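Have a look at the structure below, then the notes.
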Amino acid sequence: MCWLHYLMSLCQWIVDLFAVCAGHQSLTSGMELKKNILVSGNADSTIKVWDISSGHCLHTLQGSDKHQSAVTSLQFNDKFAITSSDDGTVKLWDIRTGDFIRNLVTLSSGGSGGVVWRVQCSEKKLVCAVGSRNGTEDTKLLVLDFDA
């Protein structure tokens, strides 16, 4: 039996629909799951924090400080979410309250082509993959050190 058929035979008895998390208005561009908390980013410029055990949206990270374009990447821990966007920003959010904390990166070319494509963080460092669709921003990795 090939590995795919074997995996499918296992899944037939262990896969049931657990919950449905509905509420984004467009393409879900990224998500991360830890225990029963799911954080999802969307092309509609919003980020949602979900309890997947119930399917309920706990918070929608938006408001006057929300991203102005599609969310491109995200990462979170038990306190914070870091999100990046086509608008050239990286934002820090409190996932327990849904509150915006601050911008971590704001590209000068953001809004005119500069994009933060991906983020990856540890407890003390943040790496951002930056570029553009139109040549307004050089392709590079920005490394921020919060312990410096």
Side-chain angles (χ1 to χ4, degrees), residues 2-107 109-111 113-133 137 139-147:
C2 83
W3 67 270
L4 181 58
H5 287 129
Y6 175 72
L7 187 60
M8 289 174 60
S9 70
L10 288 177
C11 290
Q12 288 176 354
W13 60 268
I14 57 173
V15 175
D16 288 322
L17 182 61
F18 187 67
V20 175
C21 301
H24 280 301
Q25 302 302 310
S26 187
L27 168 77
T28 298
S29 52
M31 58 186 150
E32 186 173 351
L33 176 65
K34 293 184 181 172
K35 297 181 183 172
N36 279 337
I37 300 299
L38 173 73
V39 178
S40 59
N42 199 266
D44 67 7
S45 77
T46 63
I47 302 99
K48 292 189 178 282
V49 180
W50 307 90
D51 176 346
I52 64 162
S53 62
S54 65
H56 290 120
C57 178
L58 302 174
H59 301 290
T60 300
L61 310 181
Q62 59 182 6
S64 61
D65 293 305
K66 77 175 187 129
H67 288 294
Q68 299 304 306
S69 188
V71 175
T72 56
S73 183
L74 59 87
Q75 199 170 350
F76 80 99
N77 63 22
D78 60 337
K79 297 177 185 174
F80 304 110
I82 293 176
T83 60
S84 64
S85 172
D86 271 352
D87 66 8
T89 63
V90 176
K91 297 182 179 288
L92 180 65
W93 306 86
D94 183 326
I95 66 163
R96 294 175 292 184
T97 64
D99 292 334
F100 169 78
I101 297 172
R102 65 176 292 221
N103 284 325
L104 297 173
V105 173
T106 304
L107 299 177
S109 62
V115 176
V116 181
W117 297 108
R118 294 285 177 264
V119 293
Q120 187 67 44
C121 57
S122 66
E123 286 188 28
K124 299 189 181 198
K125 292 192 176 37
L126 170 65
V127 180
C128 306
V130 173
S132 69
R133 290 191 169 93
E137 190 73 42
T139 299
K140 59 191 166 240
L141 297 174
L142 302 178
V143 180
L144 287 73
D145 186 347
F146 299 110
D147 201 32

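On a predicted model such as this, the values are computed, not experimentally measured, just so you know.
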Going from CG on L74 to CD1 on I47, what distance comes out if it is rounded to the nearest 0.5 angstrom? 7.5 Å
Without placing hydrogens or testing angles, list every side-chain donor-acceptor pair under 3.5 Å for residues 88-97, not counting sequence neighbours.
{"residue": "T89", "atom": "OG1", "partner": "H67", "partner atom": "ND1", "Å": "3.0"}
{"residue": "T89", "atom": "OG1", "partner": "D87", "partner atom": "OD1", "Å": "2.6"}
{"residue": "T89", "atom": "OG1", "partner": "D87", "partner atom": "OD2", "Å": "3.4"}
{"residue": "K91", "atom": "NZ", "partner": "D65", "partner atom": "O", "Å": "2.9"}
{"residue": "K91", "atom": "NZ", "partner": "N103", "partner atom": "OD1", "Å": "2.8"}
{"residue": "W93", "atom": "NE1", "partner": "T83", "partner atom": "OG1", "Å": "3.0"}
{"residue": "D94", "atom": "OD1", "partner": "R96", "partner atom": "N", "Å": "2.8"}
{"residue": "D94", "atom": "OD1", "partner": "T97", "partner atom": "N", "Å": "3.2"}
{"residue": "T97", "atom": "OG1", "partner": "D99", "partner atom": "N", "Å": "3.2"}
{"residue": "T97", "atom": "OG1", "partner": "D99", "partner atom": "OD2", "Å": "3.1"}

Whether S85 side chain and S69 backbone form a donor-acceptor pair below 3.5 Å: yes
Distance-minimising heavy-atom pair for G114 and L107: C-CD1, 3.9 Å
Value rounded to 0.5 Å, distance of CD in Q120 from CD1 in I82: 10.0 Å
Test side chain to side chain donor-acceptor pair (under 3.5 Å) applied to K35 - qualifying residues, sequence neighbours left out: none
Output yes when a side-chain donor or acceptor of S132 lies under 3.5 Å from a complementary backbone atom of V115, and no otherwise. no
Any side-chain heavy-atom pair of L61 and K66 under 4.5 Å: no
What closest approach, in Å, do M31 and L38 show between heavy atoms, and which atom pair accounts for it? CB-CD1, 3.9 Å
Determine whether a donor-acceptor pair (N or O, by modelled atom type, separation under 3.5 Å) exists between the side chain of K34 and the backbone of F76. yes
I'd like to know whether NZ of K79 has more than 12 heavy-atom contacts from other residues, nucleotides or ligands below 6.0 angstrom. no
Of all heavy-atom pairs between S45 and Q68, which one has the smallest distance, and what is that distance? CB-C, 4.4 Å
Looking at NE2 of H56 and CG of L58, how far apart are the two atoms once the value is rounded to the nearest 0.5 Å? 9.0 Å
Sole candidate of S84, S29, S40 that passes side chain to side chain contact (heavy atoms under 4.5 Å, CB included) when paired with V71: S29
Once rounded to the nearest 0.5 Å, what's the spacing between atom CG of D44 and atom CD of Q62? 8.5 Å
Minimum heavy-atom distance between T72 and V116, given as atom pair plus value: OG1-O, 2.5 Å
For the backbone of V119 and the side chain of S73, can you confirm whether one donor and one acceptor N or O come within less than 3.5 Å of each other? yes
Evaluate salt bridge (charged side-chain N to carboxylate O under 4.0 Å, His left out) for D86 paired with R133, printing each intermediate quantity in order. CA-CA 10 Å; D86 271 352; R133 290 191 169 93; 3.3 Å; yes
